[in-house]
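Here the structure comes first, spelled out in structure tokens, and everything after it is commentary.
For this chain, numbers begin at 1 and follow the sequence in order.
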Amino acid sequence: MIILICLIPQNSGLVPMAFLYYTTLSNILCMLYFADSIVRTLQNKPVNHNLKGAVTLAITVTMLIYWGILAPHNFDVHTVNQLLGTLCVHLFVPLMTIFDWILFDKKGQFSRWAPLSWLAIPWVYYIFAVIGASANLTFANGQHYPYFFIDSNLLGWGPVLLIVLALTLFFLIFGYLFYFIDTKWGAKGHK
């Protein structure tokens with residue numbers, strides 16, 4: 001179902017540069033994970049639970065950052081297609097991924113150190129954004145950084161590094177929250 005939702009056109013103005021945003025990439029990551037999971041299930045091969053945790057965390061943070069930081073400052077939706085696209089990538093896919101983990105995954109499978117490895121996704125993206133800005137890449141928003149809160153040209157390096165540190169801590173706390181829920185439910189025999 002997530003794959004079908006990802007295939008819905010996000011908006012009539014989707015441009016190749018949109019594929020450079022964390023939101024789009026985290027949704028594509030979900031689509032690839034679930035496609036691989038379907039193939040593995042059909043072949044009776046095990047799925048990688050730690051990878052599922054990384055994907056679930058990445059898309060959860062997409063949802064939380066969009067609705068908590070970005071949407072309140074710039075909810076720029078003018079058409080039904082834009083609204084459906086926004087809801088799809090920032091709400092439906094994240095919630096479906098979270099509920100898929102809650103309802104269908106065998107619990108107690110995450111390794112203790114997995115949440116630390118899950119930090120690779122946002123860090124690789126941040127490094128990509130800095131390299132892109134250094135190369136004068138212009139994102140669809142017309143800026144050299146994809147998001148204002150990591151834009152060192154706008155905020156300066158000091159504040160951006162503090163924000164990146166806070167976001168890393170945010171990812172880590174949510175990662176360990178998933179880990180502790182998964183471990184507790186696994187001990188109680190939940191699926």
Side-chain angles (χ1 to χ4, degrees), residues 1-3 5-6 18-41 45-71 88-133 145-151 160-188 190-191:
M1 183 148 218
I2 288 176
I3 292 170
I5 287 178
C6 285
F19 291 96
L20 300 178
Y21 285 88
Y22 185 88
T23 295
T24 307
L25 294 173
S26 64
N27 275 268
I28 290 171
L29 185 61
C30 284
M31 185 175 63
L32 293 173
Y33 174 82
F34 282 104
D36 179 68
S37 181
I38 289 168
V39 170
R40 287 178 168 280
T41 300
K45 292 182 179 178
V47 295
N48 183 327
H49 295 282
N50 287 323
L51 182 58
K52 173 67 173 289
V55 169
T56 302
L57 178 62
I59 199 71
T60 299
V61 171
T62 294
M63 177 180 67
L64 295 174
I65 293 214
Y66 180 76
W67 294 108
I69 296 175
L70 299 172
C88 175
V89 299
H90 296 110
L91 186 64
F92 300 151
V93 172
L95 288 177
M96 290 175 67
T97 303
I98 294 165
F99 285 125
D100 181 81
W101 167 66
I102 290 170
L103 298 174
F104 301 114
D105 285 9
K106 183 177 179 185
K107 303 301 180 283
Q109 302 299 304
F110 295 153
S111 74
R112 174 174 296 194
W113 304 109
L116 286 171
S117 69
W118 299 345
L119 294 175
I121 294 172
W123 268 97
V124 165
Y125 183 78
Y126 176 68
I127 291 167
F128 160 76
V130 170
I131 291 170
Y145 284 91
Y147 302 103
F148 73 88
F149 53 87
I150 60 169
D151 187 340
V160 166
L161 292 177
L162 286 174
I163 291 169
V164 168
L165 181 62
L167 288 173
T168 299
L169 188 59
F170 181 71
F171 266 88
L172 194 59
I173 289 168
F174 263 88
Y176 272 103
L177 178 65
F178 283 158
Y179 167 78
F180 286 122
I181 291 170
D182 188 73
T183 301
K184 188 162 188 93
W185 287 354
K188 289 186 176 185
H190 289 255
K191 180 177 177 178

side-chain contact (heavy atoms from CB on, under 4.5 Å) with T183: which residues, sequence neighbours excluded? Y179
Using modelled atom types only, decide if a donor and an acceptor are shared between the side chain of T62 and the backbone of A58 within a distance under 3.5 Å. yes
Look up atom CD1 in I150 and atom CD1 in I163, then write down how far apart they are to the nearest 0.5 Å. 9.5 Å
Is there side-chain contact between T23 and Y66, with heavy atoms separated by less than 4.5 Å? no
When you measure from the side chain of W101 to the backbone of G53, do you find a donor-acceptor pair of N or O atoms at a distance under 3.5 Å? no
So T97 and T60, do their side chains get closer than 4.5 Å, heavy atoms only? no
So, does N50 use its side chain to make a donor-acceptor pair with the main chain of A114 at under 3.5 Å? no
One should read off an interatomic distance between K107 NZ and I102 CD1, to the nearest 0.5 angstrom, of 7.5 Å
Step by step, work out the side chain to side chain contact (heavy atoms under 4.5 Å, CB included) result for I131 and I127. CA-CA 6 Å; I131 291 170; I127 291 167; 3.8 Å; yes
Would a 4.5 Å heavy-atom cut-off, applied to side chains only, mark L165 and L161 as touching? no
With sequence neighbours left out, which residue pairs that include part of residues 118-128 fulfil the side chain to side chain donor-acceptor pair (under 3.5 Å) condition? W123-T168
For the pair F171 and I121, evaluate side chain to side chain contact (heavy atoms under 4.5 Å, CB included) and give the outcome as yes or no after the intermediate values. CA-CA 10 Å; F171 266 88; I121 294 172; 5.9 Å; no
Test your reading of the model: is there a side-chain donor-acceptor pair from K184 to the backbone of D182, 3.5 Å cut-off? no
Is a donor on one side and an acceptor on the other found under 3.5 Å between the side chain of K106 and the backbone of G186? no
Using side-chain heavy atoms (C-beta onward) and a distance below 4.5 Å, is L64 in contact with F174? yes
Taking atom CZ of F178 and atom CD1 of I173, what is their separation to the nearest 0.5 Å? 13.0 Å
Enter the distance from I65:CD1 to H90:NE2 here, rounded to the nearest 0.5 Å. 10.5 Å
Side chain to side chain, F34 and D100, heavy atoms closer than 4.5 Å: yes
Compare all side-chain heavy atoms of I59 with those of P94 and state whether any distance is below 4.5 angstrom. yes
So, do L172 and L119 sit near enough that their side-chain heavy atoms are less than 4.5 Å apart? yes
Just so I know, are the side chains of Y176 and L116 near enough to count as touching, which here means a heavy-atom distance under 4.5 Å? yes
Apply the test side chain to side chain contact (heavy atoms under 4.5 Å, CB included) to residues Y33 and V47: give CA-CA distance (whole Å), side-chain angles for both, the deciding distance (0.1 Å), then the verdict. CA-CA 9 Å; Y33 174 82; V47 295; 3.8 Å; yes
With rounding to the nearest 0.5 Å, note down the distance linking OG in S37 to NZ in K45. 13.0 Å
Would you please classify the geometry between the Y21 ring and the Y147 ring as parallel, tilted or perpendicular, with 30° and 60° separating the classes? perpendicular
I'd like to know whether V89 forms a side chain to side chain contact (heavy atoms under 4.5 Å, CB included) with T24, so could you lay out the CA-CA distance, the side-chain angles of the two residues, the decisive distance to 0.1 Å, and finally the verdict. CA-CA 7 Å; V89 299; T24 307; over 6 Å; no
Measure the CG-NE2 distance between D105 and H49 for me, rounded to the nearest 0.5 Å. 6.5 Å
